[in-house]
Every structure is written in structure tokens, then in C-alpha cells.
Student: 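Provided herewith is a single structure, encoded as C-alpha cells, for subsequent inquiry.
Quick caveat: nothing in here was measured; it's all calculated off a predicted structure.
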Amino acid sequence: MANRDDDFQPVEFAKKWQKKWEKEGIYKTPIKVDPKKKFYCLDMFPYPSGVGLHVGHVEGYTATDIYSRYMRMRRFQVLHPIGWDAFGLPAENYAIKTGIHPRETTEKAIQTFIEQIKSLGLSYDWGREIGTHRPDYYKWTQWFFLLLYKKGLAYKKTAPVNWCPSCQTVLANEQVIDGKCERCDTEVSQKDMDQWFFKITDYADRLLKDLDKIDWPESTKEGQRNWIGRSEGAIIKFSIFNFQFSNSNEEGYVEVFTTRPDTVFGATYLVLAPEHPLVNKITTEKHKPAVEKYQQAAKKKTALQRSALEKDKTGVFTGAYAINPVNGKKIPIWIADYVMMTYGTGAIMAVPAHDQRDLEFALKYGLEIIEVVAPKVAKYIVIEKSLEGNVERMLAKYGQVRIIKEDKDWGKFFEVNVTYDKEGALIEFLKANLLKDSEDGGAWYADSVGTTNKVVFRGKVFNVLHKQDLEDFKEYARSTGVPEDQFVEPQAYVEDGVNINSDFLNRMETPKTKEIIIQWLEDKKVGKKQAAYKLRDWLISRQRYWGAPIPIIYCTKCGSEDKPAIVPVPEKDLPVKLPEDVDFKPTGESPLKYSKKFHKVTCPVCGARGEGVVWRESDTMDTFVDSSWYFFRFTDPKNDKEFASKQAIKTWMPVDLYVGGAEHTVLHLLYSRFFTKVLKDAGYIDFDEPFMKLRHQGLILAEDGRKMSKRWGNVINPDDEIKKFGADTVRMYEMFMGPLKDAKPWSTAGERGVYRFLKKVWLLHQKVTDRKPDQTEERMIHKLIAYTSKGIETLSMNTVIARFMEFVNHYSKEKEIPLSVWKRFLLIMAPFAPHITEELWNQIGGKFSIHQQKWPDHDPKMIKDDQIEIAVAFNDKTRGTITIEAGSDQETVWQMIQHQAKFAKYITSQPKKIIFVKDRIINILI
RNA sequence: GCCGCGGUGGCGGAAUUGGCAGACGCGCAGGACUUAAAAUCCUGUGGCCGUUAGGCUGUGCGGGUUCGACUCCCGCCCGCGGCACCA
């Protein structure tokens with residue numbers, strides 16, 4: 001049969017084969033699995049949005065599809081499932097607008113997704129499809145909640161939460177971006193509410209440590225590390241001057257967390273967060289009004305105001321004092337909103353000389369500044385014209401001198417590196433010998449990177465240790481006509497160094513000092529070593545309808561009217577189904593609250609019932625709870641006795657390859673790891689990381705280089721592309737665009753190029769012959785097989801496709817292609833372009849299906865050439881190439897070169913030296 | 001500010017991890033086929049000089065190591081992503 005241009009109907013035969021694949025069920029997950037040959041290849045399951053599949057989905061899904069198909073051909077048993085992360089706000093918001101039930105819109109969207117995915121020829125096992133919104137799924141989401149509750153990892157507390165006034169719901173910290181709701185960009189405010197939390201903080205250390213054992217992108221691991229935010233330090237107790245807790249005889253104290261216990265001698269005041277519970281107890285009568293006013297104001301501030309944009313530090317004095325445990329010094333206690341209640345102990349010891357924030361605060365309010373760490377070496381910059389005589393020689397007495405630049409007006413600029421013990425002498429010397437106020441700028445300055453609280457200017461040294469000093473300095477500088485923007489603002493010295501003004505710590509160097517002071521604090525029982533984390537417990541309550549209900553019942557009979565007992569729904573009563581009789585309008589409370597049916601319940605413990613006596617929790621769970629365990633469900637999706645059987649989990653987990661967008665760096669990936677660890681501790685599984693190997697797909701940008709967006713009208717819809725060029729083109733083009741992880745712009749012209757390539761493949765069929773391949777051809781296909789295998793395994797599909805193109809270009813120029821070579825080529829291209837290869841396989845009488853064939857072998861011996869072309873360089877410049885026998889030695893190659901006329905002109909004399917790298921290069925130095 | 005990633009032709013991107021920079025594709029230019037267009041095929045294509053042979057130069061910038069650097073080291077510049085008053 002002669003394939004011609006006109007016969008190339010990729011869209012048509014794609015449909016034909018898709019139908020046949022489905023009918024024959026060739027992508028069903030195998031039942032008998034050899035544990036050593038299992039492969040779990042997972043995509044991040046999509047939220048079934050009404051817009052349908054995006055080209056970004058196609059990229060990730062194609063990559064895992066190729067991988068799965070390849071592994072199947074390598075005779076691995078592959079689990080490659082898909083499902084729907086179906087709960088969530090968009091469907092509910094749509095319901096609020098239109099009154100259409102979220103389940104209806106969601107199921108419809110799922111149908112669209114299924115059709116789209118099928119039209120791409122992705123090899124999912126549809127028998128394992130799951131949806132988080134279906135009761136047989138969320139039954140187990142609720143089961144997980146109960147498991148966490150049983151293990152003491154789910155708890156309820158009143159807490160200030162992030163409240164989005166527009167979505168009328170609580171947000172997790174992770175969902176607040178720059179103080180705004182990640183979904184609607186509305187500014188988030190603080191609100192006290194009764195909320196359910198998962199105690200992920202219990203797992204902070206393990207979540208951090210276990211990152212070392214998984215193969216994930218470094219950036220993603222780093223993202224998680226930052227999010228967990230572990231810092232080593234100490235807790236130090238400062239007793240409160242003349243104060244006792246009212247309910248005991250114990251002396252009152254404040255605990256602070258610090259990462260710099262070595263600077264404790266420089267602690268000149270304490271700062272508590274405005275909402276710190278001690279504040280009201282210690283504030284003196286005189287200061288109460290100001291303190292309360294400040295607390296009120298702080299409470300009103302949004303997260304946005306309180307953080308980044310609010311640079312100016314504010315605070316008020318409480319009237320109370322604390323005692324610094326290392327020197328007995330009486331220091332004031334302030335409150336300020338630059339201290340967060342949610343981190344550390346909600347209180348700090350302020351060391352203004354060595355913390356930028358404390359320094360700004362201290363300068364503003366005139367608080368004491370004591371330097372306790374000096375840099376081992378300070379840098380001073382002195383200008384030549386500011387001194388008389390040999391400046392370099394004079395300065396050399398005080399430290400290492402280096403010329404950093406020369407200026408025709410000012411002369412040389414010297415940098416003096418002075419050790420801390422000589423710094424005082426240098427300053428004295430400069431004070432005494434500087435030319436003062438001379439017209440041409442007898443000025444000099446010191447930019448002492450270390451002790452920058454000193455500003456040295458025109459022969460005067462300003463020790464900016466107090467607010468007044470700074471003002472004095474500015475005043476003086478201004479009077480000399482220096483523009484305001486030239487002023488050096490004092491910088492706290494935050495680096496390591498040598499302790500000064502620190503009694504028994506003096507002359508010790510920083511990392512060591514920390515150990516010593518911590519030991520001292522522990523001995524005196526006024527402090528201890530401690531790590532602090534940025535990670536906070538995971539708030540999972542949502543005042544929303546379209547989510548899994550929290551399986552909790554409140555009973556006033558088991559508890560009391562004031563404090564109803566929390567009664568978990570017994571497992572046998574799961575799932576707690578979403579009620580139908582609801583109104584979707586957001587009120588700030590869950591719509592479930594207004595469902596009569598839903599609320600009517602009998603206490604499973606005491607059997608009490610009745611309105612206001614027994615009722616259900618009406619909040620639903622954050623959708624991230626649904627997606628924190630779905631990968632387990634895929635191993636056993638129909639099980640109604642367990643979330644998944646031990647056997648199924650043992651067979652398939654952990655996931656061998658997980659591909660998805662980088663936007664889930666912290667949320668989903670961290671929560672899934674947390675759930676996995678909880679399951680391990682509860683004895684359900686025996687591993688503690690769910691995803692062994694993770695890769696991200698990059699963003700696909702529009703043709704104009706911008707993000708695809710309805711607003712710009714530059715969105716590429718995969719459906720349109722499939723209709724125009726066929727699924728194989730779309731798949732292969734997306735793989736050919738560039739490395740999977742990179743962001744890259746779409747190019748319709750580039751897509752056409754891939755289409756042309758596939759057409760060439762199609763036409764190659766005419767040239768198939770029974771002739772046996774010769775040695776060169778045999779080598780070529782062996783190399784291609786080896787390259788393709790490796791390329792798929794490293795997910796560098798783009799270079800594999802480039803090799804395919806080279807191969808096809810080669811045979812397009814030949815008269816014929818041997819059948820045995822052609823067959824193997826079709827086999828290795830099958831994972832990339834499943835439809836066209838199936839069609840061509842069929843045309844040469846191959847057994848159905850090509851996708852069930854074995855991956856062709858390659859002989860490692862065959863991929864090494866025996867004739868090799870190497871570069872010939874003279875004096876480092878490549879002047880040509882020479883074909884040699886593989887493994888030839890230097891002498892042989894050199895002889896050959898001397899016999900070739902084209903190199904003769906370069907050989908002007910005996911070589912001084914010859915550099916020879918076997919089978920690579922020969923470089924002759926003349 | 002801190003952390004992470006990156007910077008190679010007109011464009012997307014290759015480069016066996018220190019050994020012929022620019023594979024493959026797009027675009028562009030010239031040519032073939034055609035009444036014409038599309039499709040297809042052939043040739044060329046980093047820059048500069050040269051009619052050719054060839055020469056010089058070239059991987060963000062400045063240094064260094066090396067026979068040899070896109071690749072390793074030091075110092076910068078720019079872009080992207082994340083975190084951000086975290087003590």
C-alpha cells in the first residue's frame with residue numbers, strides 16, 4: 001500500500017483506535033503484580049473546572065502517559081489512574097449566582113474532562129476513576145478526620161483566623177497571599193472563631209528531615225523547608241520586676257525566644273506581642289489607657305497593614321520592668337506589633353545593636369543600645385585627601401590596607417581592615433589627625449560595616465547609640481550642606497563576631513558563644529535550647545457547602561449547655577452526607593447550618609436528641625484534606641471496608657513518579673506527606689513518604705509570551721488543536737517545546753513543524769522493504785532505542801523527538817527502510833504518538849496492539865561505533881576532523897594526521913606537546 | 001532583604017557533564033514543481049572580513065584555573081519564582 005499525503009487523516013484514525021483500545025480494555029491495571037516490577041505513575045488530579053482542560057494539563061499528562069506506556073512495554077505492571085479534585089469554591093460560587101447545584105456543574109465538567117482526556121489518547125485505567133465529591137470517597141475523608149481526632153491530631157479552638165469578607169469564609173495561612181485572599185484578591189481581616197485544626201506542627205521535624213530521602217526538585221524542597229521554617233535558638237526566662245502571678249506565689253516571668261542567646265548582655269528591653277496574655281496582667285495603672293488603645297488598634301489592622309507595607313515600627317511601654325538574668329539589669333517591657341504572637345513565645349528580648357528591627361525601634365523611642373558583638377574585622381574607608389602624609393603607611397599600623405579606587409578629586413580610597421582589638425586606636429588616630437572641614441573635601445568617612453552605629457563624618461565621630469546621637473549627627477551633616485539622601489542610616493551588626501561588653505562571654509567567637517551561654521542558662525535554670533518553627537497548625541474548617549462535612553456531633557447532655565461535648569460520628573455511620581435542602585447564599589456560617597434534616601441527629605453516646613440539645617458540626621473540610629490521601633484510594637478505589645486495603649497499598653505505594661505544577665509546592669505536597677506520616681504512626685503503612693520522585697511541568701505561555709488568559713484573548717484550547725492536527729501532533733508538540741519544567745511560549749508554527757514530521761513518518765511507510773538492515777542501519781536503530789529509553793526515563797522528551805526527526809530525515813532521503821528497522825522505530829515512537837504508530841503497525845500486519853508489544857532491546861556493543869570522527873586542533877584551534885578506529889592511541893592518530901595533506905600547513909615544526917583524549921580530541925601544540 | 005532557579009542565533013531550545021558551541025524545530029532568504037497559490041522538495045542561514053580557499057570573533061559582564069571553559073572557581077549585572085517585621 002502506498003501512503004500518500006491525502007491519506008494522512010490523523011484525526012480520523014485517532015478516533016478509530018481510541019474506540020478499539022477502550023473496547024479491548026488494553027490499559028486496565030494488571031491484577032497480578034510482581035512487587036519488583038510495579039510502577040505507580042501519578043498525575044496531580046485536576047479540579048474539574050467548567051473551562052475544561054488546559055494545555056498545561058496536557059503537557060504533564062502526556063509526559064506521564066509516555067512514561068507509563070514505556071514502562072508497560074518494558075513489562076512493568078503500571079498503575080496510571082486519574083480522578084477529580086471535585087470539591088471547592090468555584091462550583092459553589094457558581095451555584096450562588098445561578099442556583100444550579102454544584103454537583104450538577106461538577107459532574108458536567110467531569111464529563112467534559114473525560115472526553116477531552118480520551119481524545120488525547122491518554123492511557124488511564126478508567127476503572128479506577130475517583131471523585132472527591134462522591135459519598136463513597138468522602139466517607140473516607142471523614143474517616144481520616146476521625147483517625148486524626150483519635151490520635152489527638154485534630155482539635156478545636158477559638159482562634160483569630162484569616163477571614164475573607166468577600167468569600168465569607170476562613171482561609172488557611174497558605175491561602176493568604178500578601179494579606180489578600182488568593183481566590184478573590186480581597187483584603188483579609190482577622191476574626192475570632194471556633195475552628196478545627198490539624199496538628200501538623202507535631203510533624204514539623206520529620207517533615208523537614210525526610211526531605212533528604214526523596215527525589216524532588218531542589219526548589220520545591222527548599223520551599224517546604226522555608227515554610228516549615230525551623231530556627232535553632234533558646235528560650236530565656238526574664239523575671240518580671242516586683243510582680244507575682246495573682247493565683248500563685250510564683251514570681252512572674254516572661255519567656256522569650258531568640259536565635260541569638262549570645263547577645264543576651266545586649267538585651268536592653270523586652271517586647272511582647274500586643275495580644276500576649278501577660279500584657280494585661282503586668283501593665284501598670286498609669287500605662288493602661290495607652291496600652292489598651294494600642295491593643296485595639298493592632299487588632300483592627302489587617303495582616304497586610306501589619307506586615308510588609310508597615311515599615312515604621314510602633315509600640316508602647318507597659319510600665320513594667322524585667323530583670324535580665326545574666327546581669328540583673330532592670331529593663332523596660334514594651335508591646336509592639338512587630339512581634340508576632342504566633343511565632344516563638346510571642347515575646348522577644350530586644351538587642352538593638354544586633355537586630356535591625358530592634359535598632360529602629362530603639363532609635364525611635366530612645367531606648368538603650370549596647371553593643372555586645374564586634375566584627376572580627378571591621379572595614380573602614382578612608383580617603384587620601386583627608387590626612388596629611390603617607391596615608392597608606394599610617395593606616396597600615398592599624399590593619400590591612402587595600403586601595404579600592406582612585407578618584408582624581410579625592411585621591412585614593414583606602415579600605416582598612418581592622419581587628420576589633422585595634423578599632424578603638426584607629427578611631428582615636430583618625431580623630432586626632434583628620435583635616436577638618438577643608439574646602440575641597442578634607443572629609444573622610446568610615447563605613448564601618450561592623451559597628452555601623454558609629455557614623456564618622458568630616459572628622460567627627462558620632463556614636464549613634466541613642467536617638468539624640470542620630471539627630472545630632474544629622475544636624476551636623478545638614479549644616480555642612482550634605483544632601484539628606486547621603487546620610488548613612490545606622491545598621492545593626494547582625495553577623496557573627498567576637499563578644500564584647502559581655503562579662504564571662506567576652507572575647508569568645510560567635511558560634512561557640514551560643515553553646516556556652518545556653519549551657520549557662522540551663523545550669524541556672526533560666527533558659528534552654530529550643531527550636532522555633534514558622535509552620536502553624538492547619539486550619540481545616542470552612543463555612544461552606546461544597547466540601548466534606550466534618551463528622552462531629554455536639555451533645556449538651558454528654559457535656560453541658562455551656563460546653564457541649566464533642567462526639568465523633570461512629571465509623572459505621574459514615575459518610576455524613578451533604579444535605580440537599582440548603583441555600584447557597586453565603587452568610588458567614590456554613591449553609592449546612594440551615595438544613596433541618598442535616599441538623600436532626602441522635603447522640604451516638606447517650607441517645608439524646610432535639611433541637612438545641614444535639615446537633616451536627618456544620619462546617620466542611622478544606623479541600624486540601626480531600627487531596628491529601630487520594631493517591632492511596634487509587635490503589636483500591638472501590639473498597640467500602642477500608643480507605644484502601646493493606647494489600648493494595650503494599651502492592652502499589654509509594655508513588656514512583658508524580659508530575660504536576662509547581663504551584664502546589666507547599667500546600668498539597670506538605671499535607672500529603674503529613675497524612676502519610678500519620679498513617680505510618682497509626683500502623684496502617686510501613687513507609688513515610690508518599691511520592692518518591694516528583695517533577696513539575698512548567699507554565700505554558702501564550703504565543704505573545706504572556707500568561708494565557710481570557711482577558712488577553714490569547715488562550716490556546718487543546719480541543720481546537722486536536723481537531724486541527726490530531727492528538728499525536730498536540731502531544732508531541734507539547735513534548736518538543738522544551739524541558740518539561742521550564743516555562744515556555746506556545747508556537748503555532750512550531751506545532752505545524754511537528755505535524756509535518758508526523759506526515760513524513762506516514763509517508764515513510766511506502767519505503768518499507770524486506771531487505772535485511774546492514775551494519776550501519778542496525779547501529780543506528782540500536783542507538784536510537786538506547787537514547788529513547790534514557791530520554792524517557794529522564795523526562796527529556798524534547799531531545800528524543802529531535803532524534804526521531806533526524807532518523808526520519810535520514811530515511812526520507814533513502815530509497816527504502818528495512819522492515820525490521822521500521823518496526824522497531826514504530827515501537828519506540830508508540831508512547832509519544834500512540835495513534836499514528838498503531839495505524840502504521842496495523843498496516844505492516846503487526847499484532848494488535850502496538851502498545852502491548854515488548855520494548856525493543858538494544859545491544860550495548862552496537863551503540864559504540866568502531867570508526868569515530870574526532871577533532872584535530874592545532875594550538876587549541878580546531879582545524880578539522882579525522883576518522884579513526886575507535887580506541888586508537890595517540891601515536892597512531894598523530895601518524896595519520898601527518899599523512900593528511902589538509903593538515904600539512906599547520907605542521908610548521910616539531911610539536912612541543914600533544915594532548916590526546918581517546919576518541920575525543922587531539923590537540924597539537926606547535 | 002533572604003532563599004531557590006536561570007541568562008547560549010531573529011525565536012523555542014541542543015551540547016555525551018571539561019573536549020568540533022548552536023543538534024532538532026520554527027522563522028527567514030534563494031531555488032525546483034505549479035498558469036497561480038497551497039502542499040512538498042532542494043540549498044543556505046550566529047556575527048564580521050573574503051569572489052573562493054579560508055581567517056577573525058562569539059554562550060549576560062569582569063577576572064581566574066586549564067593544553068582546552070557554555071560547563072569549574074572568585075567578583076558583579078539582569079530576569080523569573082517563592083518567602084518576608086519569623087526574633
Side-chain angles (χ1 to χ4, degrees), chain A residues 5-6 177-178 217-227 229-231 233 256-260 263 271 273 306-313 336-340 342-351 354-358 360-361 494 532-536 662-663 665-666 698-699 701 703 705 733 736-739 741-754 756-757 759-760 763 787 790 796 798-809 812-813 869-873 875-881 905 912-925:
Chain A
D5 266 26
D6 312 348
I177 313 290
D178 285 337
E218 195 45 45
S219 56
T220 302
K221 288 193 194 181
E222 207 48 37
Q224 297 220 346
R225 284 189 197 108
N226 287 342
W227 193 260
R230 181 189 158 97
S231 341
V256 305
F257 173 75
T258 177
T259 54
R260 293 296 302 269
T263 62
V271 187
R306 201 171 150 163
S307 69
L309 297 180
E310 190 89 341
K311 274 204 183 116
D312 202 25
K313 309 249 168 322
D337 64 6
Y338 79 91
V339 174
M340 308 288 140
T342 46
Y343 183 78
T345 60
I348 61 155
M349 63 176 204
V351 185
H354 306 292
D355 180 284
Q356 189 57 29
R357 293 151 301 175
D358 295 344
E360 282 167 31
F361 194 80
V494 298
Y533 299 87
K534 286 195 226 173
L535 185 70
R536 285 179 241 166
E663 67 274 15
T665 297
V666 273
L699 200 62
L701 304 167
E703 199 133 21
Y733 170 60
F736 186 57
M737 290 172 83
K741 64 172 194 290
D742 290 2
K744 42 212 174 277
W746 188 272
S747 156
T748 307
E751 187 186 14
R752 260 202 307 276
V754 172
R756 272 201 282 270
F757 160 73
K759 200 182 221 181
K760 273 194 207 168
L763 294 172
Y787 194 87
K790 201 178 163 208
S796 16
N798 54 330
T799 58
V800 171
I801 294 170
R803 290 296 185 93
F804 286 168
M805 287 171 169
E806 282 177 296
F807 175 87
V808 169
N809 287 343
S812 296
K813 285 181 190 132
E869 202 182 49
I870 67 161
V872 179
N875 291 332
D876 309 336
K877 289 208 165 67
T878 307
R879 298 300 183 179
T881 60
K905 63 176 168 178
K912 281 203 209 82
K913 193 178 174 189
I914 296 176
I915 292 118
F916 178 76
V917 181
K918 203 169 86 179
D919 296 345
R920 284 277 158 78
I921 195 171
I922 181 162
N923 185 5
I924 298 124
L925 306 182

Student: Would you call A:F757 and A:F804 a side-chain contact if the rule is heavy atoms closer than 4.5 Å?
Tutor: yes
Student: Using Watson-Crick or G-U wobble geometry with both distances below 3.5 Å, tell me the partner of B:C41, or none.
Tutor: B:G31
Student: Could you check how far CD of A:E663 sits from C1' of B:G4, rounded to whole Å?
Tutor: 17 Å
Student: Should B:C20 form a Watson-Crick or G-U wobble pair with both distances under 3.5 Å, which nucleotide is its partner?
Tutor: none
Student: Hunt down the Watson-Crick or G-U wobble partner of B:U66, both distances under 3.5 Å, from any strand shown, or write none.
Tutor: none
Student: What nucleotide among B:A87, B:C83, B:G12 has an atom nearest to a side-chain atom of A:D355?
Tutor: B:A87
Student: Separation of A:D742 atom CG from B:G13 atom P, in whole Å?
Tutor: 6 Å
Student: C1' atom, B:A23 versus B:U59: distance in rounded Å?
Tutor: 15 Å
Student: Partner lookup for B:C5, please. Criteria are Watson-Crick or G-U wobble with both distances under 3.5 angstrom; report none if nothing qualifies.
Tutor: B:G79
Student: Quickly work out the A:K813 NZ to B:C41 P distance and round it to whole Å.
Tutor: 10 Å
Student: Look at all strands and tell whether A:T881 reaches a base, only sugar-phosphate, or nothing, counting heavy atoms closer than 4.0 Å.
Tutor: base
Student: If only atom types and distance count, is the side chain of A:K313 paired as donor or acceptor with the main-chain N or O of A:D358 below 3.5 Å?
Tutor: no
Student: Mind checking the C1' distance from B:G58 to B:A69? Whole angstroms is fine.
Tutor: 14 Å
Student: Using a cut-off of strictly less than 4.0 Å, decide whether A:S231 has a side-chain nitrogen or oxygen near OP1 or OP2 of B:A87.
Tutor: yes
Student: State the syn/anti category of B:U17 according to its glycosidic angle, syn meaning within 90° of 0.
Tutor: syn
Student: Can you check the A:E703 CD to B:G10 P distance for me, whole Å?
Tutor: 20 Å
Student: Protein within reach of the bases, or only the backbone? For nucleotides 65-73 of chain B, mark each nucleotide 5' to 3' as B, S or -, using heavy atoms under 4.0 Å.
Tutor: --BS-----
Student: Where the side chain of A:F257 is concerned, which of B:A87, B:G19, B:G82 is the nearest nucleotide?
Tutor: B:A87
Student: In Watson-Crick or G-U wobble terms, both distances under 3.5 Å, what is the partner of B:G25?
Tutor: B:C11
Student: Restricting to side-chain contact (heavy atoms from CB on, under 4.5 Å), what partner residues turn up for A:Q224, sequence neighbours left out?
Tutor: A:L211, A:W216, A:L669, A:L670, A:R673
Student: Is any side-chain heavy atom of A:N875 closer than 4.5 Å to a side-chain heavy atom of A:K877?
Tutor: no
Student: Side chain of A:E218, heavy atoms from C-beta onward: which of B:G4, B:C20, B:G12 has the nearest atom to it?
Tutor: B:G4
Student: Using a cut-off of strictly less than 4.0 Å, decide whether A:R879 has a side-chain nitrogen or oxygen near OP1 or OP2 of B:G55.
Tutor: yes
Student: Using the C1' atoms only, state how far B:U8 lies from B:C61, rounded to an integer number of Å.
Tutor: 15 Å
Student: Taking OH from A:Y533 and P from B:A87, how many angstroms apart are they, rounded to a whole number?
Tutor: 13 Å
Student: Assign A:E869 to base, sugar-phosphate, or nothing according to its heavy-atom contacts below 4.0 angstrom with the strands shown.
Tutor: base
Student: What nucleic acid atoms does A:A532 come within less than 4.0 Å of, heavy atoms only: base, sugar-phosphate, or nothing?
Tutor: nothing
Student: What integer number of Å spans the P atoms of B:C76 and B:C26?
Tutor: 43 Å
Student: Between atom NZ in A:K313 and atom P in B:A87, what is the gap in whole Å?
Tutor: 14 Å
Student: As a test of reading the structure: which of B:G82, B:A87, B:A15 is closest to the side chain of A:T799, going by heavy atoms?
Tutor: B:A15
Student: Can you measure A:W227 atom CH2 to B:G82 atom P for me and round it to whole angstrom units?
Tutor: 12 Å
Student: Is there side-chain contact between A:Y343 and A:K534, with at least one heavy-atom pair below 4.5 Å?
Tutor: yes
Student: Anything under 3.5 Å between a protein N or O and an N or O of nucleotides 24-28 of chain B, put it in a table, one pair a line.
Tutor:
from: B:G25; atom 1: OP1; to: A:N809; atom 2: ND2; distance (Å): 3.0
from: B:C26; atom 1: OP1; to: A:R756; atom 2: NE; distance (Å): 3.1
from: B:C26; atom 1: OP1; to: A:R756; atom 2: NH2; distance (Å): 2.8

Student: What integer distance in Å separates A:K221:NZ from B:G82:C1'?
Tutor: 17 Å
Student: Counting the atoms with a prime plus P, OP1 and OP2 as sugar-phosphate, which does A:P739 contact under 4.0 Å by heavy atoms, base, sugar-phosphate, or nothing?
Tutor: sugar-phosphate
Student: Can you tell me, in whole Å, how much space there is between the P of B:G25 and that of B:U45?
Tutor: 15 Å
Student: Check whether any side-chain heavy atom of A:R230 lies under 4.5 Å from a side-chain heavy atom of A:L535, and answer yes or no.
Tutor: no
Student: With both distances kept under 3.5 Å, what pairs with B:A36, Watson-Crick or G-U wobble?
Tutor: none
